[in-house]
Amino acid sequence: TLSRLVAAGSLSAQAAAALSVAVERGAATIVAGTRGAGKTTLLGALLWELPDATRVVTIEDTPELPVESLREHGRDVQALHTDTGGTVGSAGDSGPAGRSFPPAKALRSALRLGDGALAVGEVRGEEAGALYEAMRVGAHGHAVLGTIHGDSAAAVRERVVSDLGVAPSSFSATDLVVTCARDGDTRHVAAIEEVRGADGDTSFVSLFERIDRELRSSGVLDRGDSAVFERLRAGEESYEDLRTTIEERAVRFDRLATAGLTGPDDRNRETQRR
C-alpha cells in the first residue's frame, strides 16, 4: 500500500496523496526505474487506489502484482499471464490456457474485456504500441498503468519512441511518469513528472523531486500550474478543491504511516470513513 511505502520512507505523504488521486481519477501512469528499483511494488500499491468497484485487468509474464490479495478484499481482478513463448493464460489456471500469441495480442484481448483499469507489468516489446493506443483513446475510461525500464521521464520517452517504435504523438498520451531508484538496499521514488505534449513535441514538468533524501514538491501542483491535475478535476470541482482533496489525503497517509496502519484492511477502513 502507499501508506506502507510512506512509512518506509520511499515517498512522502503528499506525493502518495497526489498519486492516489491521479490513479483514482484515471491518469495514464508509467512507473519507471532500473532493475530492482521497486517498480512493480509501487505499481501494486497504486492498484489499491483505484475505486473499489473498478474492474482491473493485469498482464504479466511473471506474476508479481498482488492479484490474490486484491481479490480477497473484494476487488474484481482478471489476471492474464504471458510467457516468453507467447502463451497466454488466466491466473489460477493449472496450466496455460487459450491460444499462443504474443503480449501485444494479450493486451488487445484485455481491452475487449470491457470497462476497467489496465495494468501492464514491464512494457518491453511490441505490446508498447497497443498500450499507448489504449492511453491515447482513453481505454476503459479508467487508469492505464504500466512499468518500464528507464531512469527518468526523458529516458522512458527515448525507449518508447526510439526503441519500441511508439509514435511521439501516442507517447504524449502519458499523464505521469514516476521514476523509482535504488540506493543500496533502499528503494524510493526519485521523481514524479507530468508529460506535456502537442503535435508530437513532448516536454516534462517536475511535480516532485528527491532532494536531500526526501521527495519534495516542486511547487507546480501547489501553484495550480499542473496541466494533468487541471484535467483531473471532477465536474464543477475547482482546482483549489482538488488541492484540498490531495492535502486531506496526505494527512491520512501520514496518520496511517505513523500509526503503523499500513495494510489493505487499514486502508479500506480509512477509505470508508471518508
Side-chain angles (χ1 to χ4, degrees), residues 2 5 8-12 15-16 18-20 22-23 26-47 49 58-62 64-65 103 107 117-136 143-168 170-184 186-197 202-211 213 215-218 220-221 226-229:
L2 288 180
L5 294 179
S10 297
L11 76 169
S12 66
L19 290 177
S20 172
V23 170
T29 304
I30 292 295
V31 180
T34 55
R35 186 178 302 277
K39 300 187 295 296
T40 302
T41 297
L42 179 57
L43 177 59
L46 293 177
L47 294 182
E49 300 308 311
T58 66
I59 298 178
E60 300 178 277
D61 55 7
T62 302
E64 294 180 305
L65 292 173
L107 179 53
L118 178 64
V120 180
E122 198 60 35
V123 178
R124 60 167 66 91
E126 63 179 7
E127 73 274 15
L131 175 66
Y132 274 93
E133 180 64 16
M135 288 184 177
R136 190 181 67 81
V144 179
L145 309 165
T147 65
I148 195 168
H149 192 87
D151 59 8
S152 67
V156 169
R157 183 189 185 281
E158 179 67 18
R159 176 166 172 73
V160 169
V161 174
S162 299
D163 298 343
L164 302 182
V166 172
S170 294
F171 177 80
S172 64
T174 310
D175 289 315
L176 299 173
V177 177
V178 184
T179 302
C180 300
R182 182 174 183 175
D183 183 8
T186 303
R187 297 167 176 81
H188 57 262
V189 173
I192 301 175
E193 298 168 85
E194 73 173 45
V195 180
R196 297 184 185 179
T202 304
S203 61
F204 306 101
V205 176
S206 174
L207 301 182
F208 292 88
E209 53 195 346
R210 199 165 185 88
I211 300 173
R213 298 188 177 183
L215 191 63
R216 301 181 182 180
S217 171
S218 66
V220 171
L221 186 57
S226 169
V228 168
F229 281 89

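We count residues from 1, following the sequence as given.
With contacts defined as side-chain heavy-atom distances shorter than 4.5 Å, the pair Leu5/Val189 does not qualify. Between Thr58 and Val120, the closest side-chain pair of non-hydrogen atoms is not below 4.5 Å. Using a 4.5 Å heavy-atom threshold, the side chains of Val31 and Leu46 count as touching. The side-chain heavy atoms of Leu207 and Phe229, taken from C-beta on, include a pair separated by under 4.5 Å.
The shortest non-hydrogen separation linking Ser20 to Glu49 is OG-OE1, 2.7 Å. Taking all atoms of both residues into account, the shortest heavy-atom contact from Ile211 to Arg216 is O-NE, 3.6 Å. In terms of heavy atoms, Asp175 sits closest to Val228 at O-CG2, 3.4 Å. Across every non-hydrogen atom of Ala32 and Val177, the tightest pair is CB-CG1, 4.3 Å. The nearest pair of heavy atoms linking Phe171 to Val195 is CE2-CG1, 4.2 Å. The shortest heavy-atom contact between Leu42 and Cys180 is CD2-SG, 3.7 Å.
Counting only distance, with no hydrogens or angles, the side chain of Ser152 and the backbone of Ala155 share a donor-acceptor pair below 3.5 Å. Put simply, the side chain of Arg157 never gets that close to the backbone of Arg159: no donor and acceptor are under 3.5 Å apart. Looking at Ser218, its side chain does come within 3.5 Å of a backbone N or O of Ser206 through a donor-acceptor pair. Of the possible polar contacts, none joining the Arg182 side chain to the Gly38 backbone as a donor-acceptor pair under 3.5 Å is found.
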Next on the checklist: For Thr179 and Val156: C-alpha separation, side-chain torsions, deciding distance, then whether side-chain contact (heavy atoms from CB on, under 4.5 Å) applies.
Outcome noted: CA-CA 9 Å; Thr179 302; Val156 169; 5.8 Å; no

Item to check | From CA spacing to verdict: side-chain contact (heavy atoms from CB on, under 4.5 Å), Leu215, His188 | outcome: CA-CA 9 Å; Leu215 191 63; His188 57 262; over 6 Å; no

Item to check | Working for side-chain contact (heavy atoms from CB on, under 4.5 Å), residues Leu11 and Phe208 | outcome: CA-CA 10 Å; Leu11 76 169; Phe208 292 88; over 6 Å; no

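Exactly one residue among Ile30, Val160, Thr202 makes a side-chain contact (heavy atoms from CB on, under 4.5 Å) with Thr174. That residue is Ile30.
Going from atom NZ of Lys39 over to atom NE2 of His149 covers 6.5 Å, rounded to the nearest 0.5 Å. Between Leu43 atom CG and Glu60 atom CD the span is 8.0 Å, to the nearest 0.5 Å. Between the CG atom in Leu176 and the OG1 atom in Thr29 there is a gap of 4.5 Å [rounded to 0.5 Å]. For the atom pair Ser203 OG and Glu193 CD, the distance stands at 10.5 Å (nearest 0.5 Å).
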